Colleague: 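Below: one structure in structure tokens.
Every chain is numbered from 1, with letters handed out A, B, ... down the list of sequences. Being a predicted model, the structure only gives us computed values, none of them experimental. Heavy atoms only: backbone and side chains are in, while hydrogens, waters and symmetry mates are out.
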2 protein chains.
Amino acid sequence: MGATKTEIFNPTQNELASVAKVLAHPARVAILQYISKQEGCICNDLVDVIGLSQPTISQHLNEIKKIGLLKGTFEGKNLCYCIHKEKWAELQQLFHAFFTTINQNCC
Amino acid sequence: MGATKTEIFNPTQNELASVAKVLAHPARVAILQYISKQEGCICNDLVDVIGLSQPTISQHLNEIKKIGLLKGTFEGKNLCYCIHKEKWAELQQLFHAFFTTINQNCC
DNA sequence: ACATATCATCGTAATATTGCAATATTACTT
DNA sequence: AAGTAATATTGCAATATTACGATGATATGT
């Protein structure tokens, strides 16, 4: 037991859940908000801004990357990245669709 | 270690994260979708519909309840509940605000 | 009252997530 | 080539989540 039974749900349900999981940590919300406030790409000050250790920030960034929400160059010194506009719009639409198809015809 | 450091984030970040956490499981997404498809309140067939055990469904329902998304009577036989419209609209707005305040001025 | 149906709670096992120290890697600089 | 700065990876401990069997509580039907 203990593991989520993804196989009994449909792809839409699983996708929505896995995107929600990325947003389900305040550090990742904060990271996305901070990146979006910058004028251009963000380069290195996340560790100071967020207040978590460098490995922890790196892990959170990786979770965000895995669903395709960040783009940029991920090699070498001065890694620079920003929000992937198209993917962002796609996920916004996914959530919007979920919220609006739920009709609350009751009580 | 191991626990999320909620104290270093602001209330908005924490609230968004905790709502996302509720949506971060396909069973809870499926439950919300199923309830919304019904004409009125839902009464008892969730266990058969979702395909998880009764205690597990009960736990998931509790997670959804905790953020105020369900209303109805929660005790005794033939428990009946449905989606709390006002809360639903509030959370929709919360996510909408998050998605739109993120401006992607880069790359 | 008794059985039955429905939902909640408890206890527990399995798995996942969070966070950091230590270390490794990578690329730039001198 | 050696040093340095930035990011990634590894390994581990602490905590959280997921799932279910067993049991408990409450309401309805006979």
Colleague: Verify whether the ring centers belonging to B/Phe95 and B/Trp88 lie closer than 6.0 Å.
Modeller: no
Colleague: Rounded to whole angstroms, how far apart are CG on B/Leu52 and P on C/dC7?
Modeller: 15 Å
Colleague: Mind calculating the distance between CD1 (A/Ile8) and P (D/dT18) to the nearest angstrom?
Modeller: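 After rounding, the reported distance stands at 13 Å.
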Colleague: Are OP1 or OP2 of D/dA19 and a side-chain N or O of B/Thr56 less than 4.0 angstrom apart?
Modeller: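 Checking D/dA19 against B/Thr56, no side-chain N or O comes under 4.0 Å of OP1 or OP2.
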Colleague: Rounded to the nearest 0.5 Å, how far does CD1 of B/Ile83 lie from CG of B/Leu32?
Modeller: 5.5 Å
Colleague: For the residue pair A/His84 and A/Gly68, what are the closest heavy atoms and their distance?
Modeller: CB-O, 3.5 Å
Colleague: Can you tell me how far apart NZ (A/Lys21) and CD (A/Glu63) are? Round to the nearest 0.5 Å.
Modeller: 9.0 Å
Colleague: Please round to the nearest 0.5 Å and tell me the distance separating atom CG of B/Asn14 and atom NZ of B/Lys5.
Modeller: 13.5 Å
Colleague: Roughly how many Å is it from NZ in A/Lys5 to C1' in D/dT18, rounded to a whole number?
Modeller: 10 Å
Colleague: Rounded to whole angstroms, how far apart are OH on A/Tyr81 and P on D/dA6?
Modeller: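 After rounding, the reported distance stands at 12 Å.
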Colleague: I need the A/Gln54 CD to A/Leu46 CG distance, nearest 0.5 Å.
Modeller: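 It is 11.0 Å, given to the nearest 0.5 Å.
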Colleague: In whole angstroms, how far is the P atom of D/dT18 from the CZ atom of A/Phe9?
Modeller: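 Checked: the CZ to P distance equals 11 Å.
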Colleague: Hey, do the aromatic rings of B/His96 and A/His96 have their centres closer than 6.0 Å?
Modeller: no
Colleague: Would you indicate whether the side-chain heavy atoms of B/Ser53 and B/Val47 approach each other to under 4.5 Å?
Modeller: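 In short, these two side chains do not touch, never coming nearer than 4.5 Å.
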Colleague: Out of C/dA22, D/dA19, C/dT15, which nucleotide sits closest to the side chain of A/Pro55?
Modeller: C/dA22
Colleague: Categorize B/Ser53 for me: base, sugar-phosphate, or nothing, with a 4.0 angstrom heavy-atom threshold over every strand shown.
Modeller: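 Counting heavy atoms under 4.0 Å across all strands, the contact made by B/Ser53 includes a base.
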Colleague: Got a sec? Which of residues 58-66 of chain B come in under 4.0 Å of DNA chain C, heavy atoms?
Modeller: B/Ser58, B/Lys65
Colleague: Please report the distance, rounded to the nearest Å, between CD in B/Gln54 and P in D/dG24.
Modeller: 15 Å
Colleague: To the nearest 0.5 angstrom, please state how far the CD1 atom of A/Ile57 sits from the CD atom of A/Gln59.
Modeller: 10.5 Å
Colleague: So which of residues 16-33 of chain A are in contact with DNA chain D, with a heavy-atom cut-off of under 4.0 Å?
Modeller: none
